[in-house]
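Below: the structure, in structure tokens.
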Amino acid sequence: QVRLVESGGGSVEAGGSLRLSCEFSEDTADTNCMAWFRQSPEKEREVVAVLYRRGDGTRYYADSLKDRITISQGNAKNMVSLQMDSLKPEDTAKYYCAAGRNCGVYYWFRSTAYSYWGPGTQVTVSS
């Protein structure tokens with residue numbers, strides 16, 4: 001059972017930056033793919049970014065966010081990070097880290113591709 005814990009959320013003014021981190025409990029096939037999703041009360045859960053941790057380290061980004069975010073391996077071994085810049089009030093949401101085995105081109109954006117989820121970290125952007 002993979003355990004995930006997010007950190008780094010908080011309140012920031014529009015235009016600011018945040019770096020979210022996700023620490024996960026094991027480096028196995030279950031964590032081949034590490035993803036960030038977000039959900040606000042007004043919207044369905046949506047993908048933010050995905051990192052394939054094997055091979056060529058493919059990264060996927062939501063089109064609407066790709067100019068402002070970067071997903072990467074974290075500083076620690078079992079960690080991934082999400083750098084978010086030029087934050088906007090509409091980025092306000094709870095951000096979740098998720099892990100899964102397969103995140104190919106047809107799957108990476110689907111929440112059903114990920115078997116393990118963290119409890120989430122709140123990001124609030126004020127105007």
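All values below were derived from every heavy atom in this structure, side-chain atoms included, with hydrogens, water molecules and symmetry-related copies excluded.
- At a threshold of 4.0 Å, the pair D85-R19 does not count as salt-bridged, since none of the basic side-chain nitrogens sits closer than that to a carboxylate oxygen.
- For Y107, the OH atom counts as loosely surrounded, since its 6.0 Å shell holds 12 or fewer non-hydrogen atoms of other residues, nucleotides or ligands.
- Here the side chains of Q73 and L51 are in contact, with some heavy-atom distance below 4.5 Å.
- For the pair T121 and K94, the minimum side-chain heavy-atom distance is 4.5 Å or more.
- Residue R45 places its CZ atom among more than 12 non-hydrogen atoms of other residues, nucleotides or ligands, all under 6.0 Å distant.
- Between R54 and T31, the closest side-chain pair of non-hydrogen atoms falls below 4.5 Å.
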Carefully, step by step, assess V50 and Y114 under the rule side chain to side chain contact (heavy atoms under 4.5 Å, CB included). CA-CA 11 Å; V50 174; Y114 305 93; 3.3 Å; yes
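- Looking at E6, its side chain does come within 3.5 Å of a backbone N or O of G120 through a donor-acceptor pair.
- Closest heavy-atom contact between A49 and L82: CB-CD1, 4.0 Å.
- In this structure, the side chains of M84 and Y95 come closer than 4.5 Å at one or more pairs of heavy atoms.
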Side chain to side chain contact (heavy atoms under 4.5 Å, CB included) between R68 and K88: does it pass, once the steps are laid out? CA-CA 10 Å; R68 301 189 288 118; K88 304 175 181 180; 3.8 Å; yes
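- At distances below 3.5 Å, not a single donor-acceptor pair connects side-chain atoms of Q83 with backbone N or O atoms of T70.
- Under the 6.0 Å cut-off for aromatic ring centres, W117 and F37 qualify, their centroids lying closer than that.
- Heavy-atom neighbours of Q39 CD from other residues, nucleotides or ligands within 6.0 Å: above the threshold of 12.
- A 4.5 Å side-chain heavy-atom check between L87 and E13 finds every atom pair outside the cut-off.
- The minimum heavy-atom distance between V105 and Y60, with the atom names listed, is N-OH, 3.7 Å.
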Passes side chain to side chain contact (heavy atoms under 4.5 Å, CB included), Q122 versus T92? Steps please. CA-CA 8 Å; Q122 180 67 35; T92 295; 4.0 Å; yes
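- Between T124 and V12, every side-chain heavy-atom pair lies at or beyond the 4.5 Å cut-off.
- Contact detail for A98 and L4: the closest heavy-atom pair is CA-CD1, 3.8 Å.
- Under the 4.5 Å side-chain contact rule for hydrophobic residues, I69 and F109 do not share a cluster.
- When every heavy atom of S86 is checked against every heavy atom of S17, the shortest pair comes out as N-OG, 4.3 Å.
- A chain of hydrophobic side-chain contacts below 4.5 Å, direct or via other Ile, Leu, Val, Met, Phe, Trp or Tyr residues, connects L20 to V48.
- The heavy-atom pair separating E46 from R38 by the smallest distance is OE2-NE, 2.6 Å.
- Both V125 and L18 are assigned to one and the same hydrophobic cluster, defined by single-linkage of ILVMFWY side chains at heavy-atom distances under 4.5 Å.
- S81 places no side-chain N or O within donor-acceptor distance of the main-chain N or O of S21, the cut-off being under 3.5 Å.
- Taken together through direct or relayed side-chain contacts under 4.5 Å among Ile, Leu, Val, Met, Phe, Trp and Tyr, W108 and V2 form parts of separate hydrophobic clusters.
- R59 is listed as a side-chain neighbour of S72, based on a closest heavy-atom distance under 4.5 Å.
- Counting all heavy atoms, side chain and backbone alike, V80 lies closest to C97 at CG2-SG, 4.4 Å.
- Counting heavy atoms from C-beta on, the side chains of M34 and F24 come closer than 4.5 Å.
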